[in-house]
Every structure is written in structure tokens, then in C-alpha cells.
Amino acid sequence: MASYDFKSTEKKWAEKYEEFDGNKGVDFENDREKFYMLTEFPYPSGSGLHVGHAFAMTAADVYARFQRMQGKNVMFPMGWDAFGLPTENYAIKSGRKPQEITKEVTNTFHEQMKKLGFSFDWDREVNTTLPEYYKWTQWIFTKLFEKGLAEKQEMPINWCPKDKIGLANEEVVDGKCERCGTETAKRTISQWVVKITDYADRLINGLLDTEFIEKVKAAQINWIGKKEGINIDFEIENSVHKIQCFTKFPETIYGVTWIAIAPEHPLVAEIVSESHSTSVSQEVSQYLKETKKKSEFERTSGVSEKTGVFTGAYAINPVNGKRIPIWIGDYVLANFGTGAVMGVAAHDKRDYMFAEKYGLDIVQVEVPPEDPAYLIDSYEKVIEDGLMVNSGKFNGMKAREEAFGAVSNWMIENEWATKKVEYHLRDWIFSRQHYWGEPIPMVFCEKDGWVSIPATDLPVVLPEVEKYLPTDTGESPLANIKEWVETTCPKCGEKAKRETDTMPNWAGSDWYFLRYCDPHNTDVLADEKKMEFWLPVDVYVGGDEHNTLHLLYSRFVYQFLWDLGVVPKNITEPYKKRISHGVILGPDGNRMSKSKGNVIVPDEFVEKYGADSLRTYLMFMGPFDATMVWNERSLVGVRRFIEKFYNLIELHAGNNEVSDGESAKAINRLIKQATEDVAEFKFNTVIARLMETVNALSKPGSNITKSDLGSMIKVLSLFAPFVAEELWARIGGGFSIHTQQFPVYEEKYLISDTVLLTVQVNGKLRGTLMIDPEEYQERVIEEAKKSEKIKKYLDSGEIKKVIYIKGKTINFVVG
RNA sequence: GGGCAGGUGGCGAAAUGGUAGACGCGCAGCGUUCAGGACGCUGUGAGGCAACUCUUGGGGGUUCAAAUCCCCCCCUGCCCACCA
């Protein structure tokens, strides 16, 4: 038998699909249920579509095809998240325009996706770098500004002293500049900051309205990191100043033996001068000098030893009047909490180490309930769920359950402290000193300050420049274009200057799923009725790495737009279900990377084995969310299966056969499993069942009806769309198989008159019986006794008990 | 340090309380072929001639019955982290 020629077949159908409209989502259609299937749009890099993209997109494609065949009106769009550093760096290196490069690579990606048979609705394609798209990204920013959620703040950025440029966090690798390897420093510059923390509680609560898988919900809640505690005011001896410390553990207040403040704390200078000791002040300034010299990486990596210096000043513990020394410590972060912490050595590992190093007191305030005499002698023995000791009137209370609340309330009543909620979530630094991003649509006017560009003047088009490198001052290259920078104030008409920073890569991807609903609208970001029709996104497939930042930012932007009233009022959360896909490792079991030379490029395998084989292999590798190792041998196995499938259909296609009975059973089992498992993203087991079915029906003498052949091909069409289309045509089906209804299994084929029953004696398997599954216990016992093999075990004692599970097993307890 | 996933043959994996290892890879034998490849058939967890015994990271428990449920421990991967 001639082997299947995938090359010409896939080419033939791919061409035909150019004219095919069965993949398009239809606005406002009432007959069919809508289904919005979304998968993350890629950053189109010069190296082309990655196998990881192919994996995620194939899974989404299988699911979208399945929903269509269930009779739904499916929107399954694709686009390009094309602003970003790799393109900019490539432009710098090659001297070409990023616009041109982007056009080229998106074309490549587009072609690759078509070859892979993804059923995207290309009429809805979006590109974040096109002015008609980023007009609305900019518009969203102006609204954030107008509502007071975006403001300029002095913020530290990563600075490369050699290249003289600001670096995004992802450009800093192990504390060094990704481009030149120089150790980076922090530099404070004025940046746009978006106050996402104002939405922190809503972003937590909104999760209740979603069906995200648990791990995604956990990741989001964790990332927001809500912490409830109190801010305690410590008076400073002989001073008008107070030091405020945030703590999650108010119940440890009697255990405080020092206070540590960040080297950047605003009170450092005053505290030291008030101590009136020259030797102390010299020591402190020496310490501050050294701390500054330490790189940010060293200070925050967690590996370096904690250091500190005594300021000479003392604070007063409000609850017992005790004098406690004030230290400066480089382990205290200036930008978390109040920039000052209370030291409780007995109940915190890091505090214990600091106290040991500098000989500070250790006061234990909790003991384990089962051992009230227990004394802490090592930081490893931090007590959980302890009882209070050395804590005045709180002694004997359960630390967390009782003392936490009692101490907090008491301290608040006495005005020593206030309630405080802290978040791990930081405000969102929105400025980038780079070229290839959306210009931030703001101007600075001497009279009016910062003014946003009115909607009618958007977009602020990214001007073309000669050089894409940032300027010597660290500003974006846009700062060099005088005629662009110098403009007039939209408010007063006087001379003003444009903002030259651009937006981060997240900006365009925050709201792209809205644009897909109405991609060509020139009046609004998307028509509200269309959004109401399509939203929420029913299933959003993406990677774990985007479960925090991207997902959170885009939920925030949606909630903000909801407050503005430009998205449907009845839809409070944009994504109904979020699921995360697995990762494919290189053949050597390592994460794929250019430097390791283990990158798998899908093109090569499409060429060698065909898109159908590659897709089916990707879905067969393992569970959808697993970490899997690429193995070409297994791909060969899948190609073998497709050829076997092809040959089986070829063999039966011309005949009008009557089912042999067995084939109908096999097909119906297949349909049942496919229907149930595809719905749960369990693709590997569906393909295994397909293989079993093909193996069973390939036995000589099998007779299969045309409609059963059709059902098999339909299941295959989810994974291998091209060969399925070909085979569908071979058995006389009309174009296209992808507009057909998914087969429905019939219960009657799944019921059999006999079933294999396992017979256990004392829980151990001793034999099997072929028997009517509806048979009663007495009959089954009788049959079991007839079997020599089983009888042997039954005779070894008295039958004390019999457990019979109909159709599955019978267990004799013999003693 | 925190969070989240996991641990089953030589390998990727099935099985979510009822025949552990479906399906695929690899391997072995046979067939086909001038040969190689491709293909087809058969076998393939371990031990044992066999009857049989053992086997899901380790230990304990619940149950007539545990890979699956509960407790303790060990190990691996991913994400985050001087977060007070």
C-alpha cells in the first residue's frame, strides 16, 4: 500500500482554507451559543514560532474545533504583541527599522500558523504596534491619568553605568546588565506609576466570579499578598520624632529588643545628630557609605550576611516603657511597609541571626503549649501556635488566635498603633526609556503641569528616529527629536514638552481580548454591544509565567474600564476560566535555549513528518499541564499511527459495509471517551483510544459502516485537520469536515451482555469470570465456586463475608 | 524562607477506591527485502523450570479491597522571595 503523502495533501487543504469561512466568529448570532476561546498572542521574535507556541496553540485549536463541532459559534482570534526589547535590540544591531522587522516576522509567524492548521479567525487579527491599535492603549492611559491612577513619582530604576541606560528588570541578569555584563546600580528618576494597589482588594474578591483553576487563583492571591497587621508608633528618647513600624505579629510586642531602620530611612540623619556623639555619627556615615557601595544585587539576593550599625538613639516600647536601641540595618527595605521593623529575635529567624551577631537581647514571648518551660536556644526552633509568656496581662493566651486581636485592639485604643493592611503587590512602574513601545500620551506644560492628550488627538504616533539607543542622560531616544518633543499644551495652548518615555510591553496585551471583539472600530476601543455578546472569554489558555503579572494587569485594566463604564456593566470579570499549559523541554531534558543548542523549531518537523503528525504528537506527549521532554522517536510513532489510520479508511472507503457489531462498540467507546476527555483538556488519552480503535479495526475481517468511519475521522479531525479533511472527502463527505457536528455515542453499544468480573479472595486477585453484569450475587458465587482455580482458595477456610460490586468485582473473605 | 506541582517498567505515560503498567517509544525473535530502511506478526515490570511470589519514593494507618483516602518522613521540578 502506498504510504500517505502528507506534503501534497496538507498543501492542498491549506490553500483551500484560505477561502474558508467556517472558522469565523459571527457577531450577534442567536441560533448558536457563543464561545470565546483565547490563547495568549505571541511576541513575534526573529527566530520564528517556537515549539512551545505550537503546543499551546494546538491545544487551544483542538478545543476550539471541538466547540465548533458541538454546534457553537466560536471566536478564536490571534494577533501580535510586537512591541519589545528583542526587536529593538535587533534594530540597533542590524540598523533596520523595528517597524520593518516586525512586519517581516509577523508574516513569518502567520505563515507558520497556517501550515500548522490553526483555525484562527484571521479577520480579527490585531497588532499592538499599529497606530490604530495603540491609539486605544494610549487612550486607556489618559483615562488612568484623569482618574488619578497614574502619576509621576521618583522611582529607582536599574541603571547600567557603562551603557548609560535604564534597564527593565528582565534585562538585569544576576545583578548585571544583560547587554554588556556590567554590574548595575540603582538610579532614581521620575517615572509614571499606575496605582494598581488601589484595586488590590477587588482583584482578590473578583476571583470569586471566575472559574480559574486553583493554582492560578493561588498565584494571584499570593502575588497580591494581602497582610493585615498594625503600624506601631515608637517614641524616640529626647526627640520629637517617632518611628513607625509595620508588623503582622502585634502579639510579639513584649519581645521587641531593638528597632532597625533602612539606610534610606528619612529619619536617619536626625536620629544620628540627636545622639550627640561624634564617634557614633562617624561610624554611621562610614556604614552608610559602605552600604551604598554594595550593589543592589548583593543587598537583596538574600545570600549576603545582614549587617547593621547602632545609631546611638533609643526608642520607647509603648506597652512597657522599655528603652530599645535603634539600629540601621541593610536588611530593611525602604520601599516595603514603613521602612522600619521591630526586632523580635526569639520569634523570627532573620532577627535571631541579627541579634546573635550584634549581641542584642532575646526575649521569648511564646512557648509551645505542650512544653511551657521550653526556652528558645536556636533560631530553628521558632514557635508556632504558642502560648503567651512575658507579656503582661496577655500571658497564657493563644498567640495567634487570641493575643493577636487582643494586643492589636489594646494598642489601637491607647493610640500607640493603627490598623494597617499591607500588600506585596507594588504599584506598576509604567515608564520605559526605550524606543520600541507606545509613546506615553502626555505633555508637560509650565503652567498646567502634566496634561493628557485629548482623545481626538490620539494616537501620538511613534516618530521615526535615526538611532534607537537611549540618550546619554538615560532618556528615551525620542528625547533627541526636538520637533516632536516641542509641542503645545492641549489646555492653554502655550509651549509644552512631550513625555519621551514609552510604555512597558504589558500595556498592549492588557486589553487585546477586548479588541478582538471589534478589531476595526475607529470610534471606541470596541463596541459595547459586541463586547457584551462575546465576553467573558470562556477559556483562556496561557503559561504559568503569565499567571501573575499579565493576568493581574489585564484584570485590573478591565476593572478600571468597567468603572469608566466603557465595558458591559453585567460582566465584572473578563475571563471566565483560565487554565495553564505545560512546558516542553529540549531532547536533553533541559529548558530550551539558544545557548544550550537544544531548541526545537516546529518548521523542521512539519517538513519532515507533516503538521498533522506534529500536532498529534504534541497532544499525545503527556498531560496538558505537564513538563515534557521532546522525543523525536515518539513523533515517528504518531506518524505511523496516522498512516495506519489512513490505510484503514482507504481499505473500507469504497465499500458499503454492514457493521460487524464489534466495530460499532469500539467506535462508540471512542466517541464517549473523546467527548468526555477533550472537554477536560485530556488529549493524550483520546489519542491513545484512537490508536486502540484503529488497532482493533485493522484486524482482518472487520466490517465498518460508512457512518462509523465518519465518526472516527471526526475525532481525528480535532488533532490532525488536514488528513481528516482528505479522508472525509474519500468517504464522500462534503467540504468541510470542520463544519460537521461531533458524533454522539449511543448507550446501547456500550452495554454488553457479558463483562469480565474479577474474583478476589481476601483482597487478592485469584481469577476472573465472564458473566452478565446484571447477575445477582448468589449466581456469581455459584459460578466462582465452579472454577478450580478459585475453589482452591475458597476451600482453605470458611467464607465469612462476601462483597459483590456489580459488574466489577467480587471479594470473598475467608478465614 | 513562602507558594504550587509532582514521584508508577529501560523511557513518555494510563488507571482517582475494585485485573497496576492501557497507548506510544525502545528492545528481542520471526517474516518481507540483494542490503539498509520502511512495513507486518509475536514477545516484553522483576524473580522463578514451574506452581507462585514480589512490585506504584520510604514508613505507618483506614478498608473486604489502596498508585488512588488519612498521618509522618524523603526526594525532584517550577514560580516567588532580606515582605517585617
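The sequence lines fix the lettering, A, B, ..., with proteins before strands; numbering per chain opens at 1. When reading the values below, keep in mind they use all heavy atoms of this one structure, side chains included, and skip hydrogens, waters and symmetry mates.
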Go nucleotide by nucleotide along RNA chain B from the 5' end; which of A:V638 and A:K644 gets its closest nucleotide reached first? A:V638

Upstream residue (5' side of RNA chain B) when A:R591 and A:F249 are each assigned their closest nucleotide: A:R591

In whole angstrom, give the distance that lies between atom [atom1] of [X] and atom [atom2] of [N].
| X | N | atom1 | atom2 | value |
| --- | --- | --- | --- | --- |
| A:K226 | B:rG3 | NZ | C1' | 19 Å |
| A:L651 | B:rC39 | CG | C1' | 16 Å |
| A:L614 | B:rG24 | CG | P | 19 Å |
| A:N222 | B:rA5 | CG | C1' | 14 Å |
| A:D351 | B:rA84 | CG | P | 11 Å |
| A:L552 | B:rG3 | CG | C1' | 16 Å |
| A:I243 | B:rA84 | CD1 | C1' | 15 Å |
| A:E545 | B:rA5 | CD | P | 18 Å |

Tell me, yes or no, whether the heavy-atom count around A:K357 atom NZ, taken from other residues, nucleotides or ligands under 6.0 Å, exceeds 12. yes

Pairwise [atom1] distance for [N] and [M], with rounding to whole Å:
| N | M | atom1 | answer |
| --- | --- | --- | --- |
| B:rC11 | B:rG45 | C1' | 13 Å |
| B:rA14 | B:rA20 | C1' | 9 Å |
| B:rG17 | B:rU68 | P | 11 Å |
| B:rG37 | B:rC23 | P | 26 Å |
| B:rU44 | B:rG10 | C1' | 11 Å |
| B:rC79 | B:rC71 | C1' | 28 Å |
| B:rG36 | B:rG29 | P | 13 Å |
| B:rA46 | B:rA28 | P | 15 Å |

What nucleic acid atoms does [X] come within less than 4.0 Å of, heavy atoms only: base, sugar-phosphate, or nothing?
| X | answer |
| --- | --- |
| A:N695 | sugar-phosphate |
| A:R640 | sugar-phosphate |
| A:L756 | base |
| A:R639 | nothing |

Does [Y] offer a backbone N or O that forms a donor-acceptor pair with the side chain of [X] under 3.5 Å?
| X | Y | result |
| --- | --- | --- |
| A:D351 | A:V344 | yes |
| A:N811 | A:I803 | no |
| A:S702 | A:S698 | no |

Can you list every stem that RNA chain B is part of, counting only runs of 3 or more consecutive Watson-Crick or G-U wobble pairs with both distances under 3.5 Å? B:1-7 with B:74-80, B:10-12 with B:23-25, B:26-31 with B:39-44, B:45-47 with B:52-54, B:57-61 with B:69-73

What's touching nucleotides 6-8 of chain B from the protein side, N or O pairs under 3.5 Å?
none

Salt bridge (Lys or Arg N to Asp or Glu O under 4.0 Å) evaluation trace for A:E643 with A:R640: CA-CA 5 Å; A:E643 289 194 1; A:R640 238 176 250 163; over 6 Å; no

Atom of A:V814, atom of A:I799 and distance for their closest heavy-atom approach: CG2-CG1, 4.3 Å

Closest contact, heavy atoms only, A:D233 versus A:Q244: OD1-NE2, 3.2 Å

Dump the pairs, protein N or O against N or O of nucleotides 9-18 of chain B, anything under 3.5 Å, distances to one decimal.
unit_1	atom_1	unit_2	atom_2	d
B:rG12	O2'	A:M621	O	2.7
B:rA14	OP1	A:N684	ND2	2.8
B:rG18	N2	A:Q760	OE1	3.3

So A:W506 and A:H550, would you call those rings parallel, tilted or perpendicular, with 30° and 60° as cut-offs? parallel

Going by the angle between their ring planes, with limits at 30° and 60°, are A:H50 and A:H53 parallel, tilted or perpendicular? perpendicular

Need the glycosidic conformation of B:rG9: syn if within 90° of 0, anti if not. Which one? syn

Would you tell me whether A:D330 and A:T307 have side-chain atoms, one donor and one acceptor, within less than 3.5 Å of each other? yes

If we count only N and O atoms by modelled type, under 3.5 Å, do the side chains of A:T685 and A:D677 hold a donor and an acceptor together? yes

Filtered N/O pairs between nucleotides 48-57 of chain B and protein, under 3.5 Å:
unit_1	atom_1	unit_2	atom_2	d
B:rU53	OP2	A:R766	NH1	3.4

Short N-O contact, A:K608 and A:E632, less than 4.0 angstrom: yes

Quick one: salt bridge (Lys or Arg N to Asp or Glu O under 4.0 Å) pairs with a partner in residues 214-227 of chain A, sequence neighbours left out? A:D201-A:K226, A:K215-A:D544

Rounded to the nearest 0.5 Å, what's the gap from CG on A:L716 to OG1 on A:T693? Could you check? 11.0 Å

A:Y609 ring centre to A:R639 NZ or CZ under 6.0 Å, with the angle to the axis within 45°? no

Name the closest nucleotide to the A:M691 side chain, picking from B:rC23, B:rG1, B:rC64. B:rC23

For A:F812, ring pair (Phe, Tyr, Trp, His ring centres under 6.0 Å) partners two or more places apart: none

Phosphate OP1/OP2 of B:rA84: any A:K227 side-chain N/O under 4.0 Å: yes

